[in-house]
Amino acid sequence: MTSSEGSAVPSGKEYPADGITVWWDSTRCRHFAECRRGHPAVFETGRKPWVRPDLGEPADIAEVIRRCPTGALHYRLPDGSEEEPAVPTSVRRLSAGPVLLRGDLVIRTLGGPLRDTRAALCGCGKTENNPFCDGACGIDHSA
């Protein structure tokens with residue numbers, strides 16, 4: 001998810017629409033369901049494709065994506081604008097599960113440094129998607 005200069009490059013499946021492009025990285029999704037609660041017309045599980053950015057307003061979709069605690073969802077607007085990192089950086093440990101980060105992050109991964117604005121890192125040490133939480137602890141965050 002980084003370019004050679006270390007800037008954020010969205011990863012995962014791309015869902016383009018007029019006014020916004022959405023990316024979803026299934027390897028980082030922990031099913032907190034902020035997307036479904038925030039905009040069920042755009043993010044509807046069980047539908048193919050489950051992400052339909054053409055069914056919402058770009059500003060509303062971007063606001064919902066910024067709620068995703070894992071960084072599995074990202075967006076880019078036609079003018080190239082993307083999410084700005086939270087200031088100051090925040091770290092929140094869930095009682096039984098991942099460590100949630102928000103800010104201007106540079107995360108060391110097996111593939112090299114990754115620049116992002118949100119991440120859910122493994123808090124139990126059982127993940128196979130190091131350093132990200134992959135649900136190996138068995139915690140379901142869906143509502």
Side-chain angles (χ1 to χ4, degrees), residues 1-3 6-107 109-143:
M1 177 184 242
T2 59
S3 70
S7 61
V9 176
S11 64
K13 180 146 176 65
E14 181 177 325
Y15 299 90
D18 285 341
I20 192 167
T21 299
V22 174
W23 284 267
W24 176 60
D25 185 341
S26 64
T27 66
R28 293 182 55 189
C29 185
R30 296 291 17 106
H31 310 294
F32 280 86
E34 288 295 329
C35 55
R36 284 190 346 231
R37 281 191 295 275
H39 210 313
V42 172
F43 303 99
E44 183 179 318
T45 56
R47 175 183 67 199
K48 296 224 182 218
W50 83 277
V51 178
R52 291 279 312 271
D54 58 310
L55 298 177
E57 292 297 320
D60 296 338
I61 296 167
E63 190 274 323
V64 167
I65 288 172
R66 289 189 296 269
R67 290 188 221 162
C68 174
T70 66
L73 287 167
H74 286 279
Y75 69 89
R76 183 172 295 138
L77 302 177
D79 66 1
S81 58
E82 302 171 315
E83 178 177 355
E84 291 293 323
V87 176
T89 297
S90 68
V91 178
R92 189 177 96 188
R93 167 71 190 232
L94 298 183
S95 60
V99 177
L100 303 179
L101 305 169
R102 286 185 177 272
D104 189 6
L105 310 174
V106 178
I107 302 165
T109 71
L110 295 175
L114 172 98
R115 177 161 237 141
D116 210 328
T117 56
R118 293 169 279 116
L121 302 184
C122 178
C124 71
K126 297 177 184 176
T127 187
E128 292 187 24
N129 188 25
N130 199 24
F132 301 103
C133 176
D134 68 1
C137 59
I139 307 238
D140 181 10
H141 297 287
S142 60

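Along the sequence shown, residues carry numbers from 1. Worth knowing before you read on, the calculation uses all heavy atoms, side chains too, and leaves out hydrogens, waters and symmetry mates.
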Looking at Arg37 and Glu34, is there a salt bridge between them, counting it only when a charged N and a carboxylate O are closer than 4.0 Å?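 Yes.
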Looking at Asp134 and Lys126, does any basic side-chain N land under 4.0 Å from a carboxylate oxygen?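 Salt bridge flag = no for Lys126 with Asp134.
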Quick check against the 3.5 Å criterion: does Thr70 have a side-chain atom that pairs as donor or acceptor with the backbone of Ala120?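 Checking the backbone N and O of Ala120 against the side chain of Thr70, no donor-acceptor pair under 3.5 Å is found.
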Please check if the number of heavy atoms outside Glu57 that lie under 6.0 Å from its CD is greater than 12.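 For Glu57, atom CD is not crowded (no more than 12 foreign heavy atoms under 6.0 Å).
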If you count heavy atoms of other groups shown closer than 6.0 angstrom to CZ of Arg67, is the number above 12?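 More than 12 heavy atoms, drawn from other residues, nucleotides or ligands, come within 6.0 Å of this atom.
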Please lay out, stage by stage, how Asp25 and Thr27 fare under the test side-chain hydrogen bond (donor to acceptor under 3.5 Å, both in side chains). CA-CA 5 Å; Asp25 185 341; Thr27 66; 2.6 Å; yes
Can you tell me which residue among Arg118, Arg76, Arg66, Arg115 is in a salt bridge (Lys or Arg N to Asp or Glu O under 4.0 Å) with Glu83?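 By the salt bridge (Lys or Arg N to Asp or Glu O under 4.0 Å) criterion, Glu83 pairs with just one of Arg118, Arg76, Arg66, Arg115: Arg118.
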For the CG atom of Leu73 and the SG atom of Cys29, what is their distance to the nearest 0.5 Å?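 Nearest 0.5 Å value for the CG-SG distance: 7.0 Å.
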To the nearest 0.5 angstrom, please state how far the CZ atom of Arg30 sits from the CG atom of Leu94.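 If we round to the nearest 0.5 Å, Arg30:CZ and Leu94:CG are 12.5 Å apart.
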Mutual orientation of the aromatic rings belonging to Trp24 and Trp50 [parallel < 30°, tilted 30-60°, perpendicular > 60°]: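 Judged by the thresholds at 30° and 60°, the geometry between Trp24 and Trp50 is perpendicular.
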Closest heavy-atom contact between [X] and [Y]?
| X | Y | value |
| --- | --- | --- |
| Pro58 | Gly19 | CB-O, 3.4 Å |
| Val42 | Leu55 | CG2-C, 3.9 Å |
| Asp54 | Ala17 | N-CB, 3.7 Å |
| Pro10 | His74 | CB-CB, 4.3 Å |
| Ile20 | Pro78 | N-CD, 4.2 Å |
| Phe132 | Ala119 | CE2-CB, 4.1 Å |

Could you please spell out the steps behind the side chain to side chain contact (heavy atoms under 4.5 Å, CB included) verdict for Thr89 and Leu105? CA-CA 8 Å; Thr89 297; Leu105 310 174; 4.0 Å; yes
